[in-house]
> 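Pasting in a structure now, in structure tokens, and then I'll have a few things to ask.
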Amino acid sequence: MRDVPTKVCCGARGGGLVMRDRYCFEEVEPKWQEQWEEEGLYRVGEDSERPKFYQLEMFPYPSGRIHMGHVRNYSIGDVMARYRRMNGWNVLHPMGWDAFGLPAENAAIKHGADPASWTRENIAHMGKQLRGMGYSYDWAREAATNDPAYYKWTQWLFVQLFKKGLAYRKSQKVNWCPSCATVLANEQVVNGECERCDTPVIRRQLEQWFFRITDYAERLLRNLDAMPGWPEHVKTMQRNWIGRSEGMDLDFEVAGTGEKLTVFTTRHDTVFGVTYLVIAAEHPLVERLIAGQPNEDELRQFVSDVIAQDDIARTADDTEKVGMFTGGYAVNPASGEQVPIWIGNYVLMDYGTGAVMGVPAHDHRDLEFARKYGLSVRAVISPPGAKLDGDTMECAYVEDGVQMNSGRFDGMPSGEARPAMARYFESSGKGRPTVHYKLRDWLISRQRFWGAPIPIIYCERCGQVPVPDVDLPVVLPTGVKFMPTGQSPLLGCSEFVNTKCPVCGGPARRETDTIDTFVCSSWYFLRYTSPGSDDCAWDKSKADYWMPVDQYIGGVEHAIMHLMYARFFTMVMRDLGLVGVDEPFKNLLTQGMVLLGGHKMSKSKGNTIEPDEIVAKYGADTARLFTLFASPVERDLEWSDEGVEGCWRFLQRVWRLVHRCVEGRESSRLAEGRVTAATAGMAADGSAVQRVRRAAHAALKKVTEDLGVRNSLNTAIAAIMEYVNALYSLKDQAFAEDGGDAAMAEAIDLLVVMLAPFAPHIAEELWHEVGHSESVHREPWPKYDPDVLTVESVEIAVQVNGKVRDRITVSVDVSEDAAFEAAMASARVSAAIGSASVKKTILVPGKLLNIVARRESP
RNA sequence: GCCGGAGUGGCGGAAUGGCAGACGCAGGGGACUUAAAAUCCUCUGUCCGCAAGGGCGUGCGGGUUCGAGUCCCGCCUCCGGCACCA
């Protein structure tokens, strides 16, 4: 049982206009939730008559219970969905479950249960919690990624990628988390640690499945330029992650062997300044270069040290650059000069060509390295009006300048030398312009149980064979032992592994790795458009109707991984002709975190507030209202129990206001009153009726702009609060005037309608109590009446030299001269001017008059 | 180091270059009450002043402007992301 706050709960039920002490959310909220569900208030279908709006929030992992971050995320989305709906859009607002993943498996291991039922129970519980929040989802479209009916299509999509050559297997050094006992994608490694469990990641050479996202690097990057609906910081993060770098591959010849050693550089204009090359310890030439060297053993030791050190130490801030001379030399393709080839720990094999040219005069790192090992330094670009001396320079010169020591390019500005030298290299075949990306292919295979099996069959005769469509889904077997051993648990399940080749019918083995859960979440927004469809992943015509998602909302922690994978997937789907858009999310909003005591709420820190407790004590509307009001949506929100109380008090205040206005006025209010409300604009100047109407339409204008244009929910709520305050102070006076009932009826209607997107339950209850029979959530969003807001006179500030000295009331269209005259009548203004003479005046209509006065110089 | 974002009362936060501090919280005072809670009204940036009134105030220093929290230049601090990427 919940702990119900004091006082008698509710008064009479059934629409009677009985004044109640208190808004009884315990009764009202479930009542309307059931009612809405029953009448299918939030069900949607395609409708060519109305503009569509696809409102989506990132679906949750069913970890067991919803947390405040969910409440905030989904409350923001719900306000937007409701606002759009009331404005006549056909709104798709679905919810589902990102249900594969490690926690289910780990929980199952810990409790000896099975991940499927653990997940099922969590979904059931969290679904109940979300329903209790009153979110306007079309639950008929609910999807869960662990449902065979869903992952059938995840597997099918994998097969499509495989057939296009976008899914492939290769052996590579990959990131391995020893604690999770599985490989990780590059994106899942944060500071050398597993992003999930913070265990230091180790590198293992393994054969794994990859998606060729690098093929889409350029498109993923370019499209960002045409995505004004995304926050700049997210686009920047993606650009950095993609890491496009334009430059040249230059071929050096290994002296005496005729072998090519290619380096990548963005500064080919400094090539005459190369005094050494450095290659990665893993570089294929290492073996040939060091074999037979007098210090071969020492070199081998160094190489294996670097390879071992590499990953963990490399990410440390202050790892020292170390290197060793291989004994080999390379020929500079520009000058023909021979330079030593070194091995260095700071050169990465998996970026560029795994080899770099050392130009210490013009690169900070190279200079540090050269000074450390006594390598020569040669300046080839001089700064304007200065001379560089390679032997003595202490700081690399990295700017543009004029070429020197550069053969026939001497004297050229480096900006001109670059294209000239590029042409030279290209024509001589010693170099070519290239683009390299930091982005790596996406590693999608996992050695864990709780995921969609990769639908591939290995046949000795036919090789890798995709599972035919008719055999999908490849269902996860039950009763598997899945202790994390570092190998897929499915490996031990012979009924699963052993199968027949779909091509030749011969004996074959199934792939036992499962698919990264990020794959499942890369297309769920498409599945929502065709819930439950059995013969396709989604119906193209429906997807084309709904896509793209018009407003996507989620945490910024998904700025790179999820948001880039989903973009990649959508592009691939488009190339396959399965969907008509290139980009899935038109507008993106990244909401801030929920903090308690300055730190992100988290179970491990123990600083959480349970949504259930708040809902039990104050109701869902209060919980929603607080998370929306306490902070602008994009910024972090500091939890405050007092702030929650404030929102609760506000809703009670609304409740009392509406009841007091309705009490005993059955005859004069409602329809009759509303008709005359339209003519109440005639109300006498300064009357309470006029002020009520102004307050109503001013609030409506503000809330409309804040919701429709600015996504500024906290200020919209503030405007409603202000409006309620105004009604409290005006109502008695207004009721005493002619037309007061009508004006107040209109005012209360507008209040309830404006409140509906934020606090849907109390709004619905009040809406019915003031005499409406349809749902307030079917009510069209009202339009404010500009005529009500027009005023004849206005109070403006009078400034003297920028300082406010007085306020005067003038007509709205007052001339500057007339305003000045009125201002001069003020003793305070004339005192402020004193003996100075007025140089000029500036009138900002409706705001202020500034009088510029200067004392004559003596 | 590089790239973002942010610095405003006791606190969360408002302010298309135009009256800084809306709204909420916390706090003071009052009404109602036998009393308390709840509610309603009211005050609340800071300094000087009995008051009227005035001075000072949006991280710091400059600048543009009749007018700057807002625009420009140079810093400081905090938060987030990337970080040997050649």
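Order of the sequence lines sets the chain letters (A, B, ...), proteins ahead of strands, with each chain counted from 1.
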> If you check every side-chain atom of A/Leu348, which of B/C85, B/A83, B/U16 has the closest atom?
B/C85
> Is the ring centre of A/Tyr276 less than 6.0 Å from the ring centre of A/Tyr373?
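No - the distance between ring centres of A/Tyr276 and A/Tyr373 does not fall below the 6.0 Å cut-off.
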> Within the 3.5 Å criterion, strictly below it, is a donor on A/Ser826 or A/Asp806 matched to an acceptor on the partner's side chain?
yes
> Tell me every residue that passes side chain to side chain contact (heavy atoms under 4.5 Å, CB included) with A/Lys840, counting only those two or more places apart in sequence or in another chain.
A/Ile842, A/Val852
> Of the nucleotides B/C25, B/A86, B/G53, which has the atom closest to the A/Glu642 side chain?
B/C25
> Given B/C25, B/G13, B/A86, identify the nucleotide with an atom nearest to the side chain of A/Pro632.
B/G13
> Residues in salt bridge (charged side-chain N to carboxylate O under 4.0 Å, His left out) with A/Arg267, at least two apart?
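Applying salt bridge (charged side-chain N to carboxylate O under 4.0 Å, His left out) to A/Arg267 gives A/Asp269.
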> Looking at the angle O4'-C1'-N9-C4 for a purine or O4'-C1'-N1-C2 for a pyrimidine, is B/G24 syn or anti, with syn meaning within 90° of 0?
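You should classify B/G24 as anti.
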> If you only use heavy atoms from C-beta on, which nucleotide in B/A86, B/G55, B/C23 is closest to the side chain of A/Glu722?
B/C23
> I need the NE2-P distance between A/His233 and B/G80, as an integer number of Å.
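Taking atom P of B/G80 as the reference, NE2 of A/His233 is at 13 Å.
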> Distances under 3.5 Å only, N/O to N/O: pair up the protein atoms with those of nucleotides 65-71 of chain B.
from: B/C66; atom 1: O2'; to: A/Asn850; atom 2: ND2; distance (Å): 3.4
from: B/C66; atom 1: O2; to: A/Asn850; atom 2: ND2; distance (Å): 2.7

> I'd like to check the salt bridge (charged side-chain N to carboxylate O under 4.0 Å, His left out) partners of A/Arg649; sequence neighbours left out, ordered by chain and number.
none
> Given B/G81, B/C82, B/A86, identify the nucleotide with an atom nearest to the side chain of A/Met237.
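So the side chain of A/Met237 is nearest to B/G81.
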> As a quick check of understanding, evaluate salt bridge (Lys or Arg N to Asp or Glu O under 4.0 Å) for A/Lys321 and A/Glu368, giving each step before the final call.
CA-CA 8 Å; A/Lys321 287 169 193 48; A/Glu368 190 190 327; 3.8 Å; yes
> Write down the protein N/O and nucleotide N/O pairs, taken from nucleotides 40-50 of chain B, whose separation is under 3.5 Å; answer none if there are no such pairs.
from: B/C40; atom 1: OP1; to: A/Arg653; atom 2: NH1; distance (Å): 2.7
from: B/C40; atom 1: OP1; to: A/Arg656; atom 2: NH2; distance (Å): 3.3

> Got A/Leu713 and A/Ile76 here, is their nearest side-chain heavy-atom distance under 4.5 Å?
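Yes. Closest side-chain heavy atoms under 4.5 Å.
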> Taking the six-membered ring for Trp, is the centroid-to-centroid distance between A/Phe626 and A/Trp648 below 6.0 Å?
no
> For A/Ser631, give me all partners under side chain to side chain contact (heavy atoms under 4.5 Å, CB included), at least two apart in sequence or on another chain.
A/Arg72, A/Arg635, A/Leu637
> My understanding is that only residues two or more places apart in sequence, or in another chain, count here; which of them pass side chain to side chain contact (heavy atoms under 4.5 Å, CB included) with A/Glu193?
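In terms of side chain to side chain contact (heavy atoms under 4.5 Å, CB included), with neighbours along the sequence ignored, A/Glu193 is linked to A/Asp198.
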> For RNA chain B, determine which residues of residues 594-601 of chain A have any heavy atom closer than 4.0 angstrom to one of its atoms, and list them numerically.
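Those residues: none at all.
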> How many whole angstroms separate atom CG of A/Leu637 from atom C1' of B/G12?
9 Å
> Can you check the distance between B/A6 and B/C60, where both ends of the measurement are the C1' atom (answer in whole Å)?
16 Å
> Treating a pair as Watson-Crick (purine N1 to pyrimidine N3 plus N6-O4 or O6-N4) or G-U wobble (N1-O2 and O6-N3) with both distances under 3.5 Å, list the stems of 3 or more consecutive pairs that involve RNA chain B.
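If one scans RNA chain B for consecutive Watson-Crick or G-U pairs, the stems found are B:1-7 with B:76-82, B:10-12 with B:23-25, B:27-31 with B:39-43, B:45-48 with B:53-56, B:59-63 with B:71-75.
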> Which nucleotide wins on minimum distance to the side chain of A/Val804, given the candidates B/A26, B/A20, B/G18?
B/A20
> With respect to the side chain of A/Arg805, which nucleotide from B/G54, B/C3, B/A86 is positioned closest?
B/G54
> Do A/Leu755 and A/Ile762 come close enough that some side-chain heavy atom pair is under 4.5 Å?
yes
> So which atom in A/Cys194 and which in A/Val201 form the shortest heavy-atom distance, rounded to 0.1 Å?
N-CG2, 3.5 Å
> A/Lys372: what forms a salt bridge (charged side-chain N to carboxylate O under 4.0 Å, His left out) with it, not counting sequence neighbours?
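A/Lys372 satisfies salt bridge (charged side-chain N to carboxylate O under 4.0 Å, His left out) with A/Glu320 once adjacent residues are dropped.
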> By ring-ring contact (aromatic ring centres under 6.0 Å, His included), which residues pair with A/Tyr437, not counting sequence neighbours?
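Per chain and number, A/Tyr437 pairs via ring-ring contact (aromatic ring centres under 6.0 Å, His included) with no residue.
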> Using a cut-off of strictly less than 4.0 Å between a heavy atom of the residue and any atom of RNA chain B, enumerate the qualifying residues of residues 711-721 of chain A by number.
A/Asn714, A/Thr715, A/Ala718, A/Met721
